[in-house]
**Q** 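Sharing a structure, written as structure tokens. Questions coming.
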Amino acid sequence: MAKRGSWASQLGFYLVAIGSACGLGNLWRFPYIVGENGGGAFVLLYVLLVLIVGIPILIGELILGKSSRKSGVTAIGALTYKDKHIFSGVGWVSFVLCILVLSYYTVISGWVLHFAIQFLIAALGIHQSSELSTLGVLIQNGSLQAGLASVHLLFCIVVVVKGVQEGLEKFIGWTVPVFGALLLILLIRSLSLPSAANAMRFLFYPDFSKLTLSSLGQAVGQVLFTLSLGFGSMITFGSYMTVEHIPTAGLRVAMIDTVISLISALCIFPIALQASNAPLADSGLLFEVLPKFLLEMQGGLLIGLAFFVCLYLASLGASIGLLEVIVSNLVDRNKIERARSSWAAGGVAWILALIPAFSGSLLQKLHVGSKGILQSIDSLIINWILPLIALGIAFAITLGLRKKVKEDLFISVDKVESVALYPHWQFALLWIIPILIILGLVLQTVHIFISK
Ligand code: PFF
């Protein structure tokens with residue numbers, strides 16, 4: 001069997017973990033969820049949940065990966081509680097989630113690619129900006145969406161086939177810095193718009209009356225999704241780790257991801273407020289309001305190009321992360337060779353992606369409630385299934401992983417604070433996180449019944 005991969009350097013781990021964490025969840029999902037939930041109070045709730053829920057689970061997943069040197073399904077399935085393997089179901093559901101998320105993530109990445117190409121064409125003067133097509137037109141064109149999704153998946157497969165060091169680390173090693181630089185340029189431009197002050201007020205002034213019964217559940221789901229938790233991805237990335245002190249690494253990755261989400265909101269809200277006088281509160285608005293506004297703004301073509309290239313690099317890094325997790329599970333469990341696993345996993349994701357891709361045309365009649373297929377899958381997975389899986393993983397780490405293993409990897413002589421933090425970490429995993437997750441799910445359910 002091929003030798004198990006490992007990162008060539010500490011930096012490699014950070015780049016890939018950050019590249020996988022920072023994706024559409026930060027730049028597309030976070031702003032519209034904040035918009036839907038009324039701004040500042042939700043942002044505060046979100047940041048608190050990153051600290052209380054996100055960081056402890058992230059550290060737990062990395063520790064589980066590093067100690068087992070296995071990917072998600074195998075690492076979770078091997079844990080025993082009172083001599084019984086009761087966690088394997090959790091691992092399998094997280095594996096299926098990876099495939100489902102990759103499939104609809106691929107379609108949205110295709111939209112991003114479409115707009116990046118459109119802005120490039122307009123910037124090169126090949127087309128007039130007024131001739132560029134809108135999201136509405138794209139959604140009705142199933143074949144175009146399927147084509148874009150295929151190109152996107154092909155990029156991901158080519159990188160993942162090459163392996164951890166030659167593929168992931170090398171490729172994401174350059175996309176993350178370019179993404180960071182583009183995001184900073186956009187931030188400076190957005191903050192110079194007249195609407196920036198209002199955007200800041202909306203984002204950072206907490207008005208608790210704006211929170212609804214579903215806000216807690218939505219915030220938990222967003223924290224898990226954006227930190228790539230509950231998918232087994234951080235378990236897999238932890239399994240390639242060599243020396244680093246894990247709690248420090250987990251803390252850094254979570255902090256960087258949170259800052260990127262806040263910067264993304266600071267880039268997008270001034271533009272949204274300037275364009276439509278209303279914050280983005282719908283999943284499609286980013287692709288509707290932003291391009292239209294940028295095309296009319298002076299210098300908007302280049303900013304639009306920078307924005308969509310930035311968004312595309314982020315979604316590519318995250319998609320590669322998702323595919324890597326699936327492939328690594330197939331290689332570990334079924335001993336299927338990396339190249340074959342990559343093509344097989346990519347193929348299955350492609351077939352599933354056809355459903356959301358054609359949901360605005362051939363499959364138009366498929367609706368769940370008032371939402372389209374894509375939004376329904378997104379909210380079902382992120383607001384409901386992911387929290388339950390995270391709950392299972394939290395229990396698996398506290399009850400199934402030996403105390404000695406956890407102490408050895410959590411506590412470090414160089415970091416005195418790690419001794420004091422260890423019991424708090426365990427307490428959070430066993431009590432606080434389950435209570436918050438269950439409360440979030442119960443309140444969401446009540447919200448559905450009340451609003452009927
Ligand atoms: N964290 C990514 C985002 O915010 O877009 C989504 C994601 C990527 C989830 C990779 C899971 C994963 F393995």
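If you read the sequence from its start, that first residue is 1, and numbering goes on from there. All ligand and atom numbering here is 1-based and tracks the order in the structure.
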**Q** Apply side-chain contact (heavy atoms from CB on, under 4.5 Å) to Tyr104 and Ile381, showing your working.
**A** CA-CA 11 Å; Tyr104 81 81; Ile381 291 182; 4.2 Å; yes
**Q** Is it true that Glu36 and Lys210 have a side-chain N and a carboxylate O under 4.0 angstrom from each other?
**A** no
**Q** Report all side-chain donor-acceptor pairs from residues 51-65 shorter than 3.5 Å, counting only partners two or more places apart or in another chain.
**A**
from, atom 1, to, atom 2, distance (Å)
Glu61, OE1, Met234, N, 3.4
Glu61, OE2, Gly230, N, 2.9

**Q** Do His152 and Leu316 touch side chain to side chain, with heavy atoms closer than 4.5 Å?
**A** yes
**Q** For a quick test of your reading: what N or O donor-acceptor pairs under 3.5 Å do the side chains of residues 24-32 make, sequence neighbours left out?
**A**
from, atom 1, to, atom 2, distance (Å)
Asn26, OD1, Gly23, N, 3.0
Asn26, OD1, Thr226, OG1, 3.3
Asn26, ND2, Thr226, OG1, 3.4
Asn26, ND2, Asp257, O, 3.2
Asn26, ND2, Asp257, OD1, 3.0
Asn26, ND2, Ser261, OG, 3.0
Trp28, NE1, Ser283, O, 2.8
Arg29, NE, Asp378, OD1, 3.4
Arg29, NE, Asp378, OD2, 3.0
Arg29, NH1, Gln222, OE1, 2.8
Arg29, NH2, Asp378, OD2, 3.1

**Q** Let me know which protein residues bring a heavy atom to under 4.0 Å of ligand 1; chain then number is fine for ordering.
**A** Ser20, Ala21, Gly23, Leu24, Gly25, Asn26, Tyr105, Phe225, Thr226, Ser228, Phe231, Ser233, Ala318, Leu322
**Q** Return a table of donor-acceptor pairs under 3.5 angstrom between the side chains of residues 176-191 and protein atoms on other chains or two or more places apart.
**A**
from, atom 1, to, atom 2, distance (Å)
Arg189, NH1, Ser192, OG, 3.0
Ser190, OG, Leu186, O, 3.4
Ser190, OG, Cys267, O, 2.5

